[in-house]
Amino acid sequence: MTLSVPHNFNFWRTVYSHGWCSLPPFLVDKETRTLRIVFDVGPGDPAGVEVCQPRRGILAIKAQRGTLSSPGKRRLLEGLRTVLRLDEDLSEFYAQARRHGRFRWVSRMGAGRLLRAPTVFEDVVKMICTTNCSWALTETMVNRLCAKLGRSEGVHTDTRHDFRLHSPHVRPLKDFGPQAGFAFPQPEAVADCSEKFLRKEIHAGYRAPYLLQLSRRVVKGQLDLESWRTVDAPTEELYKEVSSVKGVGPYAAGNILKLLGRYDYLAIDSWCRKTFFEIHKNGRRTNDRIIERFYEPFGKWKGLFFWMDLTKSWYEHDVPF
DNA sequence: GCGTCCAGGTCTACC
DNA sequence: GGTAGACCTGGACGC
């Protein structure tokens, strides 16, 4: 299949816009500049696809196994548009970037589209898994969530369901891994787990009750995460709702909002602080208020300008990390 | 190999 | 509203 994309759309820079591309069910082939994704959206089995950009304005999409039905194809393309932010209008952001010498490179490079998951649920769970830990631990948690609770592409029955509740016969992790083609787990799969399982088998630690509460609220219909991408509420109101999720504080909420297309919050974490100090203060530490004041002139786009500023050096490398 | 220390955000209790 | 301490894991370090 092929998919038309905006003329200034930069596939590779969208893939490497932040760390999500190194977490399953994403998998990057740096040699061929291909992004692999396992989608588990809608009815039917999860579908693995490979995406690359052979030339400007076009994406080439290859399904991994078997043939897809027409509704399956449609869902897949919709999923890709969501993940790559193809329908997001960044013209106002680019216009503003062109007015600042410091950010002229942004529109020239086609930067600014932040890779996201097909579902808000996946983005929120992953964001909680980035809090208060190293990136290595985030990778461990997300790898294990997919390997132990996600459905495998083309597999009709999920026998792994049997050991979710305390079973000592957990399949060794080496049998899985991102290459194994597991999708991100559905909310039901996480909601069915015990807290002990999430703590010990997923290595979620104290985050386990947060993940459990989130999934169970979603399954019971008490929390409509997916509506966050389309809701017409003021960003401040949405920020409050996002922050009401246990385990989601200012850093996580600000970043979740960015993945919802709202850039009014900076979402400062330790890496951002360190990088800001290096770029703007010769490594000298300041406080967060100084950082916030620095990006205040960028108004509702300040969160995206902040991220572009901190990751500018990534664009000097074909493969930044 | 073992023990200790520390970094990393969020929550809760307390002032 | 602000602050201290607990939460948990994994990496770095010293022995």
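Proteins get letters first, then strands, A, B, ... in listed order; numbering begins at 1 in each. Keep in mind that the numbers below use all heavy atoms, side chains included, and drop hydrogens, waters and symmetry copies.
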- prompt: Once you round it to whole Å, what is the distance between P of dG2(C) and CG of Asp288(A)?
  reply: 13 Å
Identified side chain to side chain contact (heavy atoms under 4.5 Å, CB included) partner of Lys312(A) from the options Trp105(A), Phe103(A), Trp307(A): Trp105(A)
query: Strictly by modelled atom types, are Asn132(A) and Tyr206(A) linked by a side-chain donor-acceptor pair under 3.5 Å?
result: yes
- request: In sequence, state the C-alpha distance, the side-chain angles, and the governing distance for Tyr263(A) and Thr235(A), and then conclude on side-chain hydrogen bond (donor to acceptor under 3.5 Å, both in side chains).
  value: CA-CA 9 Å; Tyr263(A) 305 99; Thr235(A) 304; over 6 Å; no
- prompt: How many Å lie between OH on Tyr206(A) and C1' on dG10(C), as a whole number?
  reply: 13 Å
query: Checking all strands, does Ser134(A) fall into the base, sugar-phosphate, or nothing category for heavy-atom contacts under 4.0 angstrom?
result: nothing
message: Hydrophobic clustering (ILVMFWY, side-chain heavy atoms < 4.5 Å, transitive) - are Val15(A) and Phe9(A) grouped together?
response: yes
field: Donor-acceptor side-chain pairing of Asp309(A) and His280(A) below 3.5 angstrom
entry: yes
- prompt: What are the residues of residues 246-260 of chain A, sorted by number, that bring a heavy atom to within less than 4.0 Å of DNA chain B?
  reply: Lys246(A), Gly247(A), Val248(A), Gly249(A), Pro250(A), Tyr251(A), Ala252(A)
- prompt: Relative to each other, are the rings of Trp301(A) and Phe93(A) parallel, tilted or perpendicular (30° and 60° limits)?
  reply: tilted
- prompt: Expressed in angstrom and rounded to an integer, what is the separation of Arg289(A) atom CZ from dG1(C) atom C1'?
  reply: 12 Å
task: Please work out which of the three classes, parallel, tilted or perpendicular, describes the rings of Trp12(A) and Tyr16(A), given edges at 30° and 60°.
output: perpendicular
- request: Tell me, please, the opening and closing nucleotides of DNA chain B, 5' to 3', among those with an atom under 4.0 angstrom from a non-hydrogen atom of chain A.
  value: dG8(B) to dT12(B)
query: So does His203(A) get a side-chain nitrogen or oxygen closer than 4.0 Å to the phosphate oxygens (OP1/OP2) of dC8(C)?
result: no
- request: By nearest nucleotide on DNA chain C, pick out whichever of Arg199(A) and Ala136(A) is the more 5' one.
  value: Arg199(A)
message: If I take atom CG in residue Leu137(A) and atom C1' in nucleotide dT9(C), what distance separates them, rounded to the nearest angstrom?
response: 5 Å
query: Just how far, in rounded Å, is P of dT9(C) from CZ of Arg144(A)?
result: 11 Å
- prompt: Should the pair Tyr295(A) and Phe306(A) be assigned to parallel (<30°), tilted (30 to 60°) or perpendicular (>60°) ring geometry?
  reply: perpendicular
- prompt: What is the distance, rounded to the nearest whole Å, between atom CD of Glu139(A) and atom C1' of dT9(C)?
  reply: 14 Å
query: What's the OH-P distance between Tyr210(A) and dC8(C), to the nearest Å?
result: 9 Å
Pair Trp20(A)-Asp123(A), side-chain donor/acceptor within less than 3.5 Å: yes
- line: The residue, Val245(A) or Cys133(A), whose nearest nucleotide of DNA chain B is more 5′ is Cys133(A)
